Amino acid sequence: MSDKLASIEKQVAAIIEQGAPPLARWHPALSGDIDILIDREGHWFHEGRVIKRPGLVRLFASILRREDDGDYYLVTPVEKWRLRVALHPLVVTDFETMPGGTGLELVLNTSATVKLEHSGQWFREPKAESAAAVRLEYGRSALFSRPAWYRLVAAASVDADGESLEIAGLSLS
């Protein structure tokens with residue numbers, strides 16, 4: 001593992017023990033570019049080799065932020081490294097309806113769960129053959145895996161106007 005990765009891992013591991021990282025409060029200067037690529041399927045690569053440790057991917061995903069310039073960064077209190085993302089950094093692999101049918105709890109490829117409570121979080125990804133994606137906090141986004149999307153559409157119903165699909169109070173249109 002490179003010195004950059006080891007440094008980031010050490011900083012973030014200590015922070016994660018205290019709860020979710022407060023990315024909104026961290027604004028260090030750009031440290032540079034790091035040779036990390038997240039491919040179209042949500043696999044993480046460092047220096048051309050897949051990162052095989054799921055815990056390390058989860059750790060890095062927890063400090064991932066997309067900024068107004070459209071680029072993604074790994075951010076700690078003292079470092080900020082730009083990385084490359086081919087399409088979306090995260091993938092929705094499964095979901096459950098939240099109690100009371102008020103939204104969905106999405107399971108990501110990092111094993112993290114996020115709540116989808118607003119129809120405005122949906123969007124279509126032109127670069128992914130009309131696949132559906134969702135907006136997440138800190139500018140991140142997640143593309144639905146094919147099995148998760150098919151399951152979602154199968155569980156949806158037509159709205160009262162007969163014009164769009166709905167599930168758990170969310171419009172899929």
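Owing to the predicted nature of the structure, the values given are computational and were not obtained by experimental measurement. Worth knowing before you read on, the calculation uses all heavy atoms, side chains too, and leaves out hydrogens, waters and symmetry mates.
The side chain to side chain donor-acceptor pair (under 3.5 Å) search around Asp68 returns none, not counting sequence neighbours. In this view, Asp71 and Asp69, Tyr73, Arg82 satisfy the side chain to side chain contact (heavy atoms under 4.5 Å, CB included) rule, not counting sequence neighbours. By the side chain to side chain donor-acceptor pair (under 3.5 Å) test, Arg140 pairs with no residue at all, sequence neighbours left out. With sequence neighbours excluded, the residues forming a side chain to side chain contact (heavy atoms under 4.5 Å, CB included) with Thr102 are Met98, listed by chain and number. By the side chain to side chain donor-acceptor pair (under 3.5 Å) test, Glu67 is found to be paired with Arg65, Lys80, residues two or more places apart in sequence or in another chain being considered. Residues passing the salt bridge (Lys or Arg N to Asp or Glu O under 4.0 Å) test with Asp39, sequence neighbours excluded: none. Partners of Arg58 by side chain to side chain donor-acceptor pair (under 3.5 Å), not counting sequence neighbours: none found. The side chain to side chain contact (heavy atoms under 4.5 Å, CB included) check on Val114 picks up Leu106, Leu108, Leu136, with sequence neighbours excluded.
When all heavy atoms are compared, the tightest approach of Pro28 to Val78 is CB-C, 3.6 Å. Trp44 and Ile36 get closest at one heavy-atom pair: CE3-CG2, 3.9 Å. Closest approach of Phe95 to Ala148, counting heavy atoms only: CE2-O, 3.8 Å. Residues Pro21 and Ser62 approach most closely at CG-O, 3.6 Å, considering heavy atoms. Of all non-hydrogen atoms in Tyr72 and Gly139, the two that sit nearest each other are OH-O, 3.9 Å.
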Hey, mind stepping through Ile38 and Phe45 against side chain to side chain contact (heavy atoms under 4.5 Å, CB included) and telling me if it holds?
CA-CA 6 Å; Ile38 306 172; Phe45 293 83; over 6 Å; no
Check the pair Asp33 / Trp81 against side chain to side chain contact (heavy atoms under 4.5 Å, CB included), numbers first and verdict last.
CA-CA 5 Å; Asp33 294 335; Trp81 295 95; 5.9 Å; no
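When Tyr150, Trp149, Phe144 are each tested for a side chain to side chain contact (heavy atoms under 4.5 Å, CB included) with Arg146, only one passes: Tyr150. A side chain to side chain contact (heavy atoms under 4.5 Å, CB included) with Leu104 holds for exactly one of Thr97, Val134, Val92; it is Thr97.
In the hydrophobic clustering of ILVMFWY residues, with side-chain heavy atoms under 4.5 Å counting as a link, Leu59 and Val107 come out apart. Linking Ile, Leu, Val, Met, Phe, Trp and Tyr residues whenever their side-chain heavy atoms come within less than 4.5 Å leaves Val50 and Val57 in two separate clusters.
When atom types are taken as modelled, the side chain of Ser141 and the backbone of Arg135 share no donor-acceptor pair closer than 3.5 angstrom. Using a distance-only test at 3.5 Å, with no hydrogens or angles considered, a donor-acceptor pair links the side chain of Asn109 to the main chain of Val91. His88 places no side-chain N or O within donor-acceptor distance of the main-chain N or O of Val85, the cut-off being under 3.5 Å.
Note that CG of Leu37 is 11.5 Å distant from NE2 of His46, once rounded to the nearest 0.5 Å. Interatomic distance, CD of Glu96 versus NZ of Lys115, reported as 12.0 Å (0.5 Å rounding). Rounding to the nearest 0.5 angstrom, the gap separating the CG atom in Asp35 from the CG atom in Leu83 is 10.0 Å. Rounded to the nearest 0.5 angstrom, Leu64 CG and Thr110 OG1 are separated by 10.0 Å.
A salt bridge links Asp94 with Arg151: the closest approach of a Lys/Arg side-chain nitrogen to an acidic carboxylate oxygen falls below 4.0 angstrom.
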